[in-house]
S.K.: 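Pasting a structure here, questions to come.
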Amino acid sequence: CTSGGGSASTSSASAGAVKAGTGTATMAIFGSIGPCLMPNLTNNGNARAVTQCFGSSLLAYDEKMDFIPSLASKYTVSSDGTQYTFDLRKGVKWSDGTPFTADDIEAAITAMTDPQTTTNWITYVSPIAGTSDRKAGKSATIGYKKVDDTTFTVTLSAPNASFLDLFGTQFQPLPAHIVSKIAPTDLNTGTFAQAPNVTIGPFYMTSRSGDDDMEMARNPHFWGGTVGLAKLVVKSMTETNGVTAILAGEVDVIPAESVAEIAPSDVETLSSNSAIKVVKYQNSTCQTLYMNEHTLFSDKRVRQAVIYALDRKGMIKTVLDGDGIVADSVYPPFSKYYDAKVITKYTQNVKKAKQLLSDAGWDASKTVNFIVPTGDTTVTQASVIIQQQLKTIGMNVQIQQVDNNTAISRANQQHNFDLTILANVGVNNLDVSRRFSTAAWKTGVNSGGYSNPQLDQLMAQAVTKSAFSDQKPLTDQIQQLISQEVPTVMLWYRDSIAAVDTAKVTNVVPQRGGAWLQAAKWGSA
Amino acid sequence: MLLRRILRRLAIGVPVVIGATVLNFILVNAAPGSPLNSLVDPEAGPAVRKQMAARLGLDRPLPLQYLTWLWNAVHGNLGFSYENDRPVVQDILERLPATLLLAGTALVLAYVVGIAIGVIAALRPYGRIDAASSVVGVLGISIPSFVLGLLLIYVFALKLHWLPASGMTTLGTTGSGGLLQHLVLPVVSLAIFDLAIVTRYTRASMLEVLTEDFIRTANGKGLSATRVVVRHALRNALTPLVTLAGLSLPSLFGGAVVVEVVFQWPGMGQLAVNSVLARDYPTLLGLSLVFSILVVIGNLIADICYTLLNPKVRDD
Amino acid sequence: MTSNTIEAVTAVPATTRSRRSGSAVLRSLLRNPTAVFGAVVVIIIVLATLFAGVIAPFNPDAINLNLAHAAPGHGHLLGTDLQGRDVLSRLLYAGRASLLIGVGAVVVSLVIGVPLGALAGFFGGWLDAIISRVTDVVLSFPVIVLAVVAGAVLGSGIWSLIVLLGCILWTTICRLVRSIAIAQRDADYVVAARSLGASDLRIIVKHILPSTVGVIVVNAVFGVANVILIEASLSFLGLGVRPPTPSWGNMLSDAQSLGVLAGQPWMWVPPAATILLTIVSINFLGDGMQKALDPRLRNR
Amino acid sequence: MPVLEVEHLSVTFGSGPDAVKAVEDVSFELAPGQTLALVGESGSGKSVTALAIMRLLPQHNSTVTGSIVFDGKDVLKLRRGELQKVRGNRIAMIYQDPMTALNPSMTVGAQIIETMRSHGIGTRADRRERAAELLAQVGLPDARARVDAYPHQLSGGMRQRVMIAMALACEPDIILADEITTALDVTVQAQILELLAHLSKERGVAVIFITHNLAVVARIGDVVQVMYAGQVVERASTSELLNHPMVPYTVGLLGSTPRLDEDRSDRLSTIPGEPPNPRRRPPGCRFATRCRFHRELCDAELPPLVQAAEADVPHEVRCWGLVPGDGTGWLIEEKAGELA
Amino acid sequence: MSDGLLMDVRHLHVSYRARRGQRLLAVDGVDLAVGEGDVLCIVGESGSGKSTVGKAMLGLIPASGGEIGFDGMDLTTMGSRALRKLRSRMQMIFQDPYASLDPRMTIGEIIAEPLTIHHGGSLRRHRERVLGAMRDVGLVPTLIDSYAHELSGGQRQRVGIARALILEPALIIADEPVAALDVSIQAQVVNLLQDLQRTRRLTMIVISHDLAVVRHLADRVAVMYSGRIVEYGDRVSIYEHPSHPYTQALLSAAPIPVPEIERSRERIVLEGEPPSPFSRPEGCRFSSRCPLRAALGNPEICATDDPMLLDVGDSADHTAACHFTRFAPTEVDGDIASLRLHPHDKGEKEL
Ligand SMILES: Nc1ncnc2c1ncn2[C@@H]1O[C@H](COP(=O)(O)OP(=O)(O)OP(=O)(O)O)[C@@H](O)[C@H]1O
Ligand SMILES: Nc1ncnc2c1ncn2[C@@H]1O[C@H](COP(=O)(O)OP(=O)(O)OP(=O)(O)O)[C@@H](O)[C@H]1O
Ligand SMILES: [Mg+2]
Ligand SMILES: [Mg+2]
């Protein structure tokens, strides 16, 4: 019985220093939040910042991206890597005072795997045996077993290296005593889903009208210690408005948790205001330039020419105002899998790029159709730079701006593009097969259709290893191979930028990895 | 008589509304992209996608999808928004008042102020007020509303702190807290273009009417100057403006899209942008239904005003 | 009614000078100072954009990541934009796209709107009913929907914008032409033409359409201005001219970030000022044209 | 005692080289109950004279000089408030074109009542009653119902009668009637002339009757004043003028009028040419270029308006050919033979 | 006078679509025959349908009943293409010369338009003919490049005439050709029309309400009242012996520029308005206003029977639509008979 996990004493989330104040803070989310605020069930990326305030996960990461206890005080993994047993923290209560038990875990799994609900995060639980069948509408027993009120076991259909990253740190329980009374069809959209008023996180929702004026109140029973703010208001707005609003004193916190972020050109404006603190932290979202293997980029030399042509550092400097790092590896530098020694680092080298192109016999008369989604100005700005830099090596790139939705269709369904930029929202996880496996051309986000049996095999192997020491040799090979083959040009990992009006709110310290707002610690000034 | 006219107008509106929604439906479906793209994470895999498509009824043939929508719409059910998963009616009803308030206030502002300036300018053509108004007029039609909006925010919200920068009500307040202050900047940004146009038209129309013989008749009767201007000149000068106003309504709703985005105004403009970008068909169709009904109503109101102002038409 | 005032007694000038309308229009324009101003500025702008290749100090698309968003100076008269491109050069080239879209979209809208309006107004009846309803449908269409769809289907190129905006803007011109056609179809001189044996087509082409020219010119002028603004708004929503092609609109839309608006005015003031100047001049020119095109107003 | 004395009235439109002298040095007086007919062709300044009396000329581009004395005061010097009391109340004008002179968006009743109200006549109910009476008085059929009609619901003749009723509303001392019968049928025309004659006879209303139809003048005028190119060229009592026209223009005018009471002669006599461009009128006699009898003097100098030498009743003429003196008066001899 | 009939209108009915779906019967059964080279004048009350008859004869508005024979062809059954062809043989001169000229065309283009319509080509090709036509109507050639607003009223009407003449039509219909003109110009145009008619043996139909002009121009006169012809005859009969009470009233009301005659003339003043074209009375249209009927003690027949055009009897084809007119000279009360217009007698008596 191999075991991982930490002791219950190193609780990371609790902070004794926080006093229960009467303060209110207003938080701006960029973009629409969508109706569903049920953890695990919302399909909206922008909603994450809100659901984080409502929920807690079983485990969390520390600074080194190692697991630390959260709702679970301890976990054990069977030697074959298929059975995980979690011990739940004792004395935890939902915001209405109902005790938190293993039933609440089951309730959440059941809800996510109900054929009548939809969720983008099915991967959190899909390694568990029987879940896929249940979701597909076949009768199936799920590999979940309640041992007692504070202990449960899940059985996986196969060993899975990223199970803890997903089920452990992303999955959140749902209140069984509430959810069991809700019809499955209402789980995504019912009243409770839209305004969860029984939560396990630092806040619960008190009122909501549409996308605006969501109001949350402090959870008196929060397990992680006293919540600093009495009230938290959430408002969805556009980037410019958010920046304006915080400058005008109408908003107190912009938590870099939405899909759109504070524009680099606004950082200076914000910083120039003495009350506003700009907080930057590294993020695992990778901006990626996809090259279509099925049209013009089947030749590795051409792909390498592209990466040599680009000045990614320069781009980060101008487009992101320096707030980001060049993406050298599929694993972000703060990931435990990242290893600078095994990867090839590319810097701009126009001569070499030209050489590679001519070696590959590139036909300069061809136009390269570059699909650029609108919405994120850093992307549209970068696309122009990319176009110009590729022009210098003799690639005739034509930009076609389309809305994001169209871009996704053209990239993932129709594969009708030569170049395109899309973001890969990263989760700390060794499994990158959705981005690079042959199968993922049809089913994942391997939009360019890169195919390499060796890589396929490495990725498949790595997933089955649950010990870091077993994983490391494989992930090293994976990142090395990917950096050599250049299936995509990974442009950068952009820093998340949060802004806080320190005159109103204190102690906003987001954690690296972009995972946790730690809103429980916020206090009012 | 008037009632029959109204009813006829409304009957004529039915094909317009249906036409607008059909066209809308065809166009959004002609565009690449799918509602699934924003509902299903690309990394979630095709199974989830398929499940979602079935759930939304997107796997059925297009004409059937539209007809189902129409059938339900006729019965008062505009369906559920894909994005917000709420009844579209609810979404629209929540936002319609905001847009109506914004566009309506802008319309009133543009017409009341525009007519007033136009009349003053016409009474003293080539005078100082006339010159000033034409300068403002030129500025009004040459500055994009988003630039004006941002400038206004910069000056009045950030520098002078006189007015709030965005939103419709002050956060945390309930009801209509600070609504008036919030209304000022967006309304000004939205109204300025129409205001310029209205001023120009009023001036031209007034100048023309003031040369009419019946104005001379009125003066010759010994009426006061005010009465001549208001009762005789203005009333007749308004007729062409009514037609203009009928055309203004749709264009104001169009303009509101940008202004709503700039000022974070919780109206239908933003909803429209979002629903197009997300291919939220039910919301889109609902909106196009509402827009076309508004156009029909706008036409109708213009028509009625026209009839009331113009006794000649009233008889036909 | 009968205007037996000035014209009736004005003795006929024994005209020997050339009366060909082309030169008469030109002469009338030249006599109008604001029109001359407008024309001169428009010509300067058009020439500047046409010869942008010669005048522009830099390649408008050339990025310089080391000199991004630099204030005027450093050899860049108007500074550089976010990607380090020369603002002045872009401004010059941007005129091409903006003016082309402005003029192109207006031409498209005229090509659609004028004949439809003339037919609807002249013939009335069911034809009028159908055309009017179609106009309503198009009017009740949020531009944004079309912009997204067109951008996705046709690509957000200049040509697709021209087609798109033309397909939206024809409604106004159609309505205007229609109302004039209704007013003119029973005019004495139209009845006269009919009594001479003129066919409907000839009456429309020779008599109705010329009488709409004044309105069309004014509307077209407004239209060009309007299209430039719409393109700017579409750029603001990310749906304008495709980069890296500069347009005044997409240059201006850089100002959508507050940082640029307040801190880097050189990026947006030049295009804004150019749009203003262009629209003002086009307006002046349009007013002059309207006068010049109508023989009755020409010599006033 | 005349009710109205017009002296040296001149009206200029615009300024500079394009200025139009629409009326030049016109003087006349008008006694109560008298009807002065102003004739002359289009553009000769008839309407402008009347509008100047009402002070209704556009202020921005017209200059009026001379004096118009009414009720002991110069109308041209009245302040706006005083002017308002005179207009419509003491002096009323009936305009040339009934189609456009009525406000299309007000009922005719309202337009009549408005006049009375602004001059404080009667109570609300009275005024309505009186409006109906006035309409009946001018011979509008079904007058009571027509009070609420809009102008477009009435025929041209009816509208003209409404205009007249409006002018009569405040029982003015002077009525200025500007070509009020041009648009009318002869039968309606007859009715209206009858009405005006009645008013001047019974109530002593002075009328300035503007027309270019000499036949109508024969019916209504006491005194006829012929205008040509802004000037008075001939003035006499109606029968004197129509029976013994002297100035070549008047003679030509009469000669070119086809007559109902004569079967057709072979051709109508005509006045060749057209009136001079008002912007570039010749320095001499305005009619010189069209005049069969013109001599050098006519081109050089403007003839004065003087009493005709050979007439024994008041008869003023403006023609060198009729002024006795050195080198002038050549028409006096010819007249007997040529013109009679 | 006439060699044969050029225009032969029978039972012409014309109605306009009026508001609320009603039909306005503007012309209600008109028969007219115009011989070649003849001048027919139509006079009558305003709104009686004169212009409508004129336009219908040219096929400019569709007839709702009856036949319009032109040179042996029936215009009412003709296709629009054939009708357009035929237009070259019949032309119109309009009342308001200014309104009938396209303000955006030069005089040359306007006069050349019939040629370009029927023979193609542009002004350049037809320049000589245009100049010829201008000469014929007394327009100086320099005006060819002017616009209508630069011309005087008389010149404008001459342009209209030149345009009508350039195709050398057989028939000209002139609708109030001089009504909008100045007194001194009116005579010039009347003379011109008369000269042209004589030199070219034109057939002319002139619509006018100026009875003096008509007396000067006409060979024959038709008097219209309320959509009908109420009296028809040669000029002399109509002016010397008007039979229909309406014609009599009309002639008595027309002024004469001799004060002595005017002041003493007695006029027949017509009370009331003509009947509405929507609902005309059963019997005679004029009966409600008819002084003759009043004088006869309101005979029943006037209110019940619609009178037909019948020979008056004093000359060939002088007809009138009145139940009593034939008896008028003998049976009518002396008062009314004396109202007959014999201006010369009367004027001389007064003088
Ligand atoms: N508002 C004005 N501005 C400039 N010129 C004017 C104006 N009103 C009249 N005129 C000019 O004054 C002159 C006299 O015009 P007026 O109207 O008095 O003529 P009229 O004798 O009444 O002619 P008609 O018989 O056509 O009514 C004309 O040359 C006319 O062009
Ligand atoms: N286009 C039309 N639509 C409807 N009714 C019309 C139209 N034109 C004329 N009418 C009506 O038809 C009748 C006869 O009109 P028409 O113009 O023929 O009269 P007219 O004898 O020429 O009168 P006038 O002497 O005033 O010119 C009138 O009642 C008139 O109102
Ligand atoms: Mg006049
Ligand atoms: Mg007529």
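Just so it is clear: chains get the letters A, B, ... in the order the sequence lines come, proteins before strands, and each one is counted from 1.
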S.K.: List the atom pairs, donor and acceptor, that lie under 3.5 Å between side-chain atoms in residues 143-161 of chain B and the rest of the protein, sequence neighbours left out.
M.R.:
residue	atom	partner	partner atom	Å
His161(B)	ND1	Ala157(B)	O	3.3
His161(B)	NE2	Leu158(B)	O	3.1

S.K.: Roughly how far, to the nearest 0.5 Å, is the CG atom of Leu294(B) from the CG atom of Leu139(C)?
M.R.: 13.0 Å
S.K.: Which atoms of Asp213(B) are under 4.5 Å from chain C, going by heavy atoms: the side chain, the backbone, both sets, or neither?
M.R.: neither
S.K.: Does any backbone or side-chain atom of Ala272(C) lie under 4.5 Å from a heavy atom of chain B? Answer side chain, backbone, both or neither.
M.R.: neither
S.K.: Is it the case that over 12 heavy atoms from other parts of the model lie below 6.0 angstrom from the OH atom of Tyr66(B)?
M.R.: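 More than 12 within 6.0 Å, yes.
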S.K.: Please state whether the side chain, the backbone, both or neither of Leu139(B) comes within less than 4.5 Å of a heavy atom of chain C.
M.R.: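 Interface part for Leu139(B): both.
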S.K.: Can you list the residues that meet the salt bridge (charged side-chain N to carboxylate O under 4.0 Å, His left out) rule with Arg133(C), with sequence neighbours excluded?
M.R.: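 For Arg133(C), the residues satisfying salt bridge (charged side-chain N to carboxylate O under 4.0 Å, His left out) (neighbours in sequence not counted) are Asp136(C).
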